[in-house]
Amino acid sequence: MKPAESQTPLTFRDYASALKPVWCPGCGDFSVLSAITKALAELALRPEEIALVSGIGCAARIPAYVNAYGFHGVHGRALPLATGLKIARPELTVLVTGGDGDGFSIGGNHFLHACRRNVDLTYIVMDNQVYGMTKGQASPTTEPDWERGKLTPGGPQINPFQPLVIALASGANFIARASSSDPNGAARLLVEAIRHPGFSFVQVLSPCVTYRPEQRHWKKLVRPAPVEATDEPARAARRLLTDDSFNIGVLYRGHRKPYQLAMGSAGDNLTLIEEEFST
Amino acid sequence: MKPAESQTPLTFRDYASALKPVWCPGCGDFSVLSAITKALAELALRPEEIALVSGIGCAARIPAYVNAYGFHGVHGRALPLATGLKIARPELTVLVTGGDGDGFSIGGNHFLHACRRNVDLTYIVMDNQVYGMTKGQASPTTEPDWERGKLTPGGPQINPFQPLVIALASGANFIARASSSDPNGAARLLVEAIRHPGFSFVQVLSPCVTYRPEQRHWKKLVRPAPVEATDEPARAARRLLTDDSFNIGVLYRGHRKPYQLAMGSAGDNLTLIEEEFST
Amino acid sequence: MTASFSASDSISIALAGSGGAGVMTAGSILLDAAGQSGWYGCMTRSSGPQIRGGEAAALLRLSRRPTESHDDRFDVLLAIDWHNVARFAAELMLDGDSVVVGDPQGGTMPDAIVALRARHYDVELKKIAKQMRGGRPNMLALGMLSALLRIPLTVVVAVLEAAIGAKGEQVLAASVAGVQRGAELAGAVELGRPVPVVERGETRRWRLTGNEATGLGALRGGVRFVAAYPITPATDCLEWLAARLPRVGGVLLQAEDEMASINQVIGASFGGCPALTATSGPGLALMMESIGLAVAAEVPVVVVDVMRGGPSTGIPTKSEQSDLNLAVYGLHGDAPHVVVAPTSIADCMRTTQWAVHLAEALQTAVIVLSDQALGQTRAVIDKPADVAFVAKRALPGDAEPGAGAYRRYALTESGISPMALPGMAGLQYTADGLEHNESGTPSSQAQDHAAQLDKRARKVAHFNFGESWADVEGDGDMAIITWGSSTGPTREALARLAAEGKPTRLVALRLLSPPQPALLEEALAGVRRVLVVEQSHGRQLYRYLRAHYALPGEVRSLSRPGPLPVRPGEIRQQLTQWSQP
Amino acid sequence: MTASFSASDSISIALAGSGGAGVMTAGSILLDAAGQSGWYGCMTRSSGPQIRGGEAAALLRLSRRPTESHDDRFDVLLAIDWHNVARFAAELMLDGDSVVVGDPQGGTMPDAIVALRARHYDVELKKIAKQMRGGRPNMLALGMLSALLRIPLTVVVAVLEAAIGAKGEQVLAASVAGVQRGAELAGAVELGRPVPVVERGETRRWRLTGNEATGLGALRGGVRFVAAYPITPATDCLEWLAARLPRVGGVLLQAEDEMASINQVIGASFGGCPALTATSGPGLALMMESIGLAVAAEVPVVVVDVMRGGPSTGIPTKSEQSDLNLAVYGLHGDAPHVVVAPTSIADCMRTTQWAVHLAEALQTAVIVLSDQALGQTRAVIDKPADVAFVAKRALPGDAEPGAGAYRRYALTESGISPMALPGMAGLQYTADGLEHNESGTPSSQAQDHAAQLDKRARKVAHFNFGESWADVEGDGDMAIITWGSSTGPTREALARLAAEGKPTRLVALRLLSPPQPALLEEALAGVRRVLVVEQSHGRQLYRYLRAHYALPGEVRSLSRPGPLPVRPGEIRQQLTQWSQP
Ligand SMILES: Cc1ncc(C[n+]2csc(CCOP(=O)(O)OP(=O)(O)O)c2C)c(N)n1
Ligand SMILES: Cc1ncc(C[n+]2csc(CCOP(=O)(O)OP(=O)(O)O)c2C)c(N)n1
Ligand code: SF4
Ligand code: SF4
Ligand SMILES: [Mg+2]
Ligand SMILES: [Mg+2]
């Protein structure tokens with residue numbers, strides 16, 4: 001193993017890798033990447049103590065752009081991969097990044113169960129209400145009447161998936177919404193999310209300028225949430241009833257104990273277990 | 001095709017198949033089966049116009065015990081199979097039956113998206129808070145401190161999945177809870193659920209007498225819900241905040257239009273489409 | 001088809017440039033204009049990792065004779081700029097006889113290309129375009145290439161109108177001007193080889209991709225229900241279908257994931273509607289459990305896999321023939337099913353249509369192995385002949401005993417049992433993925449298991465697949481066995497060999513599973529040497545053939561992983577060397 | 001092992017009855033008591049479709065020599081009642097020399113058994129039990145069988161105490177009384193064959209199932225992270241692990257589905273912790289996409305598949321060797337990985353331990369193909385020898401260049417590249433399922449793809465798997481190649497043949513993939529006839545061998561689907577007939 005490098009404080013630039021993102025110019029994900037590096041700098045975490053896990057999609061490309069350990073896994077399965085990693089290596093800071101299709105369509109089941117299980121992870125979903133990587137189909141968060149998805153020419157005709165509602169209903173311990181139009185604000189939210197014990201979920205509105213160019217206007221629609229975060233699920237639920245999906249900020253901070261199995265604790269000698277087999 | 005049989009009214013016995021269930025004596029699922037046959041008789045549906053679709057598990061055995069078309073598919077995938085069937089054959093009455101593991105663990109993603117999609121199906125989950133078929137592991141609805149699941153010896157330590165909350169949050173159009181201890185009441189609820197357009201979800205508390213013998217006491221705990229059904233999601237959500245999971249009755253009746261693609265509508269001649277390829 | 005085919009019959013052109021240069025637009029218009037002028041041809045897209053924009057190359061081959069695959073080399077490289085062209089180096093087979101045209105102001109020519117010492121022309125595309133109102137370098141390039149190929153300007157303009165007319169008068173006018181100017185610039189360029197002379201004949205030509213042909217085959221076969229989850233490079237097949245299914249009374253459902261799509265398809269088919277899904281390797285892997293359900297419960301389904309580079313996420317945008325193992329062997333338990341593969345772009349239509357027919361006739365799962373090279377190459381071809389495969393499922397007759405006596409999984413001689421559909425009175429049954437007896441009742445008894453396994457194996461093994469099992473062509477005591485997109489280059493290699501007086505046989509397998517040992521034995525009678533040609537690292541076809549066939553004489557394998565296709569020249573060379581004493 | 005083994009060395013007993021009769025309890029206690037009295041032996045459970053209760057049969061074989069598989073026939077059938085015994089008919093290999101004991105008041109003896117004209121005793125078990133306080137027929141049966149086998153009453157009582165002591169004094173006393181009464185009843189029964197005489201030797205015996213042995217192998221190999229979703233017949237392996245992992249500092253996570261469990265395992269292993277999941281056919285099918293990720297991203301994982309009857313949900317409670325195809329070929333793309341299979345119950349431990357070692361050494365996915373017959377048969381065996389396989393992953397050395405220069409997928413000669421673990425400073429990298437270059441940066445270039453495909457193939461193909469690749473035993477110019485639970489009956493058949501002076505070779509493959517043609521060629525040197533023995537309908541092993549090996553001489557296949565095992569007698573007969581001129 002390498003000797004630990006000198007412990008001089010790192011700037012956000014130190015958390016960016018040398019790789020050039022494949023994203024389209026203007027894609028919201030650039031800002032999210034910068035928010036993540038800023039948050040990591042603010043938290044002063046050592047790059048080797050961080051892991052970013054993702055599935056597949058434009059947003060899911062992020063791990064390789066961050067100077068940290070990363071895993072760019074298969075589509076929709078980032079959360080269980082991160083869960084395994086965090087349980088086996090509880091001392092690491094584990095972030096999970098991806099898109100709305102990856103997280104809520106093929107990955108929907110893991111999202112439900114990750115919220116319930118409440119492992120100490122931070123899940124950052126760059127929501128652009130579209131499948132960017134596969135060139136513009138409707139995602140679960142797409143509006144029912146969006147007619148430009150080529151698999152749903154008449155519009156999906158389905159009520160959009162409500163990420164914050166589902167996160168709350170399934171028990172996420174920290175729930176927030178950020179916007180890629182304000183990377184510094186997003187960075188502050190991420191710092192909080194990462195610090196908060198248990199499963200933290202942050203939806204980041206991150207326009208797909210290529211397949212949803214109208215989302216460029218989001219930056220005019222977002223605003224700070226009118227009220228402070230709550231630690232009462234009921235109150236949070238009520239707030240979501242009037243949420244138009246442009247309120248930015250922390251919605252909910254819970255107090256549930258993170259799920260952690262006692263990994264690596266000292267134990268029996270294997271011989272004791274083998275004894276059970278003796279006739 | 002057979003000539004239609006004489007149209008004499010059928011009794012609930014006519015909806016039972018000749019097959020003897022494999023269930024343990026005393027299993028709650030017997031009553032659910034009888035509730036289903038009663039509901040079908042009440043609705044006076046022709047057996048050939050009904051299809052029951054299920055995955056795998058004790059509860060999921062139901063289709064073969066009903067005199068109707070049935071599909072006993074793979075674990076966790078009953079909802080998409082039923083969705084395909086109903087969209088291809090909109091005139092059929094399609095019920096989906098299964099357990100809590102089948103529906104909320106491996107099948108969780110399809111549950112979310114079936115609620116959203118709102119196809120005109122009735123989904124009946126026999127919830128016994130355990131995997132019966134595989135001999136007694138914790139399911140998503142199991143209490144965090146249930147220590148008798150052999151894969152989770154210290155208890156699952158996870159907040160239980162809230163079926164009605166998630167159904168509501170993801171947009172199911174009819175939501176009710178029934179109890180196997182009152183098959184007639186359950187039958188009445190099922191009649192309503194089947195009649196209601198769109199996706200209807202009915203959780204039936206159905207004890208597993210073998211792996212959760214303490215559930216025999218459920219019959220003493222259940223009671224009619226203190227309030228009438230609502231058609232306002234917000235109100236329904238508030239009610240669920242104080243729900244101890246023993247309120248029986250309809251919680252929510254929505255008005256969303258069922259999802260149905262225009263199957264079989266007359267259309268172009270294929271030649272017109274082929275013309276597009278001519279240079 | 002295996003008629004002589006000489007280098008002078010076709011010309012190969014690579015058009016490259018960086019993001020936003022409009023390489024693909026120019027290439028497509030060139031292909032269309034060529035098609036309307038009597039050329040056959042094809043165009044493959046190659047692009048970098050960027051989601052959109054990024055460097056790109058349009059690889060075209062235009063020919064006097066039908067062709068759907070690329071040649072060994074490119075005659076012309078036109079680089080709108082030189083930025084990142086190096087990344088395509090491996091795909092651009094240039095040599096000293098190639099002609100290279102590029103903008104000296106657009107970066108530096110890669111060393112590898114300089115080293116070829118090919119004839120080289122500097123054309124200041126960017127500068128010239130700038131001088132024109134709304135001028136774009138790609139239109140200059142289009143004009144140059146059109147002129148070099150002697151495509152009438154009127155045809156190019158007509159195609160331009162159809163393609164970009166919607167963008168307004170001004171844009172169109174600027175483009176037309178660009179093309180005209182480009183044609184002038186072409187005067188300075190000497191190709192150093194004759195340009196084939198083509199004439200617009202009587203036969204009607206079609207212009208389509210394999211993915212579109214697959215879609216059309218599905219519709220022709222009777223598919224009216226499609227459920228799918230998007231995945232490259234199958235998405236454009238699905239998108240084509242999504243826009244057209246409603247026009248023929250069908251539907252396309254976008255599913256939440258691949259487990260959902262395959263089960264939706266099974267459900268629709270259980271209801272009696274011929275149904276299909278399309279995906280690529282990762283999605284096919286996810287579907288296998290449920291494809292096993294279709295096999296066990298005997299529900300017809302068609303699953304198209306447009307293969308891409310593997311393993312895992314692999315290379316989503318590029319071609320490889322490496323899902324053969326998964327398609328043939330990837331089901332748990334003994335699960336006989338059918339695997340077919342198109343042998344050309346046009347054949348995507350026929351094979352998919354056949355797949356629907358087979359699924360319905362055999363009440364089982366049929367996997368169609370297409371690939372990115374077939375699926376996303378656009379070709380100008382003769383209008384394919386109509387084939388007569390229709391979806392026809394065995395339904396219960398009037399004599400079928402009802403009222404509980406119906407045996408859904410009756411042990412018939414053919415192994416195919418009449419399938420009741422919901423709505424048929426008195427024939428209610430439960431389809432089951434558990435092992436079952438003839439009535440469908442679950443059974444774990446050895447006799448029932450053996451009987452149903454036999455039945456399911458029998459119906460597939462004893463079925464008469466007819467002539468479609470393979471394209472068998474040519475003569476001689478050497479043979480090539482190949483499949484899928486490797487068929488095109490193989491055919492061309494054999495045509496060249498035939499022209500050299502070295503006839504060689506071709507067996508392009510359309511039916512991959514179940515194996516047809518008797519038919520292959522007949523096709524290879526008298527053969528002493530067999531070369532197995534495919535595009536995979538693990539020689540999957542070669543291994544598969546060994547497992548199930550007794551191949552005559554000496555057998556060799558010519559296999560390479562994607563994304564580079566096997567080239568006609570390599571095949572020819574391998575056979576020529578082998579036949580040398 | 002292949003030492004002579006004659007019929008008189010063992011005795012086979014079937015104990016059957018309907019729901020609630022307590023057949024399994026009696027059978028287990030009999031096995032334990034026999035084990036403590038010096039017998040080797042095994043017991044398989046067979047039960048009906050009911051979730052709990054329902055008819056059941058405990059199939060026991062007790063032997064003077066180590067044995068883990070059943071004989072061709074049963075010496076004794078004891079039916080506590082006759083209800084539904086007919087359902088087991090195919091599994092109860094009785095003949096005219098068998099002894100049948102049953103309760104004449106408990107239903108009627110099935111015709112098939114009457115027809116055997118076997119020696120038959122009526123014992124009114126139910127009536128006699130009723131006359132005793134708390135009497136139960138199964139304890140009478142236990143007593144009868146113990147007495148017939150000359151197992152000392154004290155031993156039976158001691159085992160009873162351990163097994164049901166917790167139920168209280170009264171229950172225990174009643175059971176002991178029942179056993180005593182049963183022993184008296186046995187006096188009337190004449191076995192008509194000698195009972196083997198056993199002595200408790202010096203060697204320590206173990207009593208365990210294959211699923212437990214698999215669990216122990218995992219722990220021994222160093223696995224400390226298990227994630228899984230329950231599925232028959234793998235669940236009891238997982239349950240065994242769940243209770244024991246915490247005792248050695250490990251954890252077991254119950255996942256929401258199989259996609260979750262395999263990815264949790266990949267995540268834990270990426271973090272440096274040897275990790276495993278166990279499942280059965282349907283679950284393995286669902287995991288394949290992500291197993292491909294482990295292969296492409298080079299993350300060690302072990303996946304145990306305890307096979308059951310297929311296809312689809314199939315026969316969850318019964319054994320079959322029909323997931324070989326899926327395990328070997330079921331990944332999309334070219335994805336070299338390792339497949340191993342235990343050759344006996346005891347070997348489940350060794351093979352699983354080896355699998356962990358291989359996964360860690362090769363940084364890839366290793367699939368262990370166990371099966372229900374191995375997994376759920378409980379055997380009394382000699383304590384298995386310790387093996388020295390440990391989990392050892394190549395980590396970067398001190399000389400590894402850090403600060404962005406680390407190449408996770410370096411093209412080493414062995415193909416194995418040192419793997420950095422999170423926490424190691426300066427070696428941050430991103431593991432990727434996209435094709436990549438040496439640093440892990442995604443690449444769709446042909447050169448990178450070819451280089452990484454070569455590397456991944458090389459590390460598996462060139463690895464020295466050592467002696468463990470197969471159990472090679474015996475001599476002669478005939479050989480049997482087999483695997484998994486078919487090894488037991490094969491071994492026994494070969495022992496019989498050897499005793500008859502017809503030596504025959506055994507190759508029981510522990511390493512199924514990658515193939516080892518050189519080793520097999522050596523093992524089969526001089527062989528003229530090869531019989532391939534397996535339990536599948538599609539002759540999966542036979543086909544697999546053809547694809548990858550050149551087998552010498554004439555090759556035949558003896559294959560049958562589950563749930564009936566191939567019997568030693570059949571194998572012997574097939575070989576005997578074949579060798580007749
Ligand atoms: C199993 C599987 N199915 C489908 C795909 C194709 N695919 C890749 S990314 C993607 C969706 C991406 O959408 P999203 O997660 O919203 O990310 P975005 O590109 O919008 O950032 C899909 C469907 C895949 N890679 N694997
Ligand atoms: C892919 C797959 N994974 C696992 C299983 C094993 N399995 C069968 S039923 C079941 C759970 C049953 O629980 P539930 O749905 O609650 O039904 P119950 O038996 O309690 O009625 C499981 C895990 C399977 N059949 N297929
Ligand atoms: S396609 Fe959309 S989401 Fe993807 S990189 Fe481009 S702008 Fe971003
Ligand atoms: S195990 Fe439980 S759920 Fe299953 S049949 Fe028995 S009582 Fe019912
Ligand atoms: Mg998106
Ligand atoms: Mg349950």
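Throughout, protein chains are lettered first and strands after them, A, B, ... in sequence-line order, and every chain is numbered starting at 1.
Proximity to chain D (any heavy atom under 4.5 Å) is restricted, for C:Ala457, to the side chain, taken from C-beta onward. Only the side chain of D:Gln540 comes within contact range of chain C, with at least one heavy atom under 4.5 Å from a heavy atom of that chain. No part of C:Gln452 comes within reach of chain D, as not one of its non-hydrogen atoms sits under 4.5 angstrom from that chain. Looking at C:Ser443, only its backbone comes within 4.5 Å of chain D, counting heavy atoms on both sides. Using a 4.5 Å cut-off between heavy atoms, C:Leu284 does not touch chain D at all. Contacts of D:Asp432 with chain C are absent, with no heavy-atom separation under 4.5 Å from either backbone or side chain. Heavy atoms closer than 4.5 Å to chain D are found nowhere in C:Glu91, neither backbone nor side chain. Using a 4.5 Å cut-off between heavy atoms, C:Met287 makes no contact with chain D at all.
Interface remark: of the candidates D:Ala450, D:Gly562, D:Gly283, D:Gly562 forms the most heavy-atom pairs closer than 4.5 Å to chain C. Taking C:Ser312, C:Ala285, C:Ala296 one by one and counting their heavy-atom pairs under 4.5 Å with chain D, the maximum is reached by C:Ser312. For the set D:Ser444, D:Gly330, D:Ala335, the entry with the most heavy-atom pairs within less than 4.5 Å of chain C is D:Ser444. Heavy-atom pairs under 4.5 Å with chain C were tallied for D:His332, D:His548, D:His449; the largest tally goes to D:His332. Of the listed residues (D:Gly309, D:Ala547, D:Gly292, D:Ser280), the greatest number of heavy-atom pairs within a distance under 4.5 Å of chain C belongs to D:Ala547. Of the listed residues (C:Leu453, C:Asp305, C:Val328), the one with the most heavy-atom contacts under 4.5 Å to chain D is C:Leu453. Highest contact tally toward chain C, considering only D:Asp454, D:Asp323, D:Leu434, is held by D:Leu434 [criterion: heavy-atom pairs under 4.5 Å]. No other option in C:Gly538, C:Pro282, C:Pro561 has as many heavy-atom pairs under 4.5 Å with chain D as C:Pro282. If you tally non-hydrogen atom pairs under 4.5 Å between each of D:Met307, D:Met288, D:Lys318 and chain C, the highest count goes to D:Lys318. For the set C:Leu293, C:Val295, C:Asn325, the entry with the most heavy-atom pairs within less than 4.5 Å of chain D is C:Asn325.
Between D:His436 and D:Tyr409, the ring planes are parallel. Angles under 30° get that label, and only those over 60° would be called perpendicular. The aromatic rings of C:Tyr329 and D:Tyr329 lie parallel to each other, their planes meeting at an angle below 30°, with 60° marking the opposite boundary.
Checked against ring-ring contact (aromatic ring centres under 6.0 Å, His included), D:Tyr542 has no partners two or more places apart in sequence or in another chain. C:His537 meets the ring-ring contact (aromatic ring centres under 6.0 Å, His included) test with no other residue; sequence neighbours excluded.
Using a 4.0 Å cut-off between charged side-chain N and carboxylate O, C:Glu320 and C:Arg560 make no salt bridge. A salt bridge links C:Glu298 to C:Lys455: one of the charged nitrogens lies within less than 4.0 Å of a carboxylate oxygen. Comment: C:Glu55 does not engage C:Arg45 in a salt bridge, judged by the lack of any side-chain N to carboxylate O separation of less than 4.0 angstrom.
In this structure, a donor-acceptor pair under 3.5 Å is absent between the side chains of D:Ser559 and D:Arg539. Side-chain atoms of C:His337 and C:Ser513 form no donor-acceptor pair, as typed in the model, at a separation below 3.5 Å. At a cut-off of 3.5 Å, with distance as the only test, a side-chain donor of C:Ser486 or C:Gln321 sits close to an acceptor on the other residue.
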Practice task
Step by step, work out the side chain to side chain contact (heavy atoms under 4.5 Å, CB included) result for C:Ile481 and C:Leu545.
Solution key: CA-CA 9 Å; C:Ile481 307 180; C:Leu545 293 173; 3.9 Å; yes
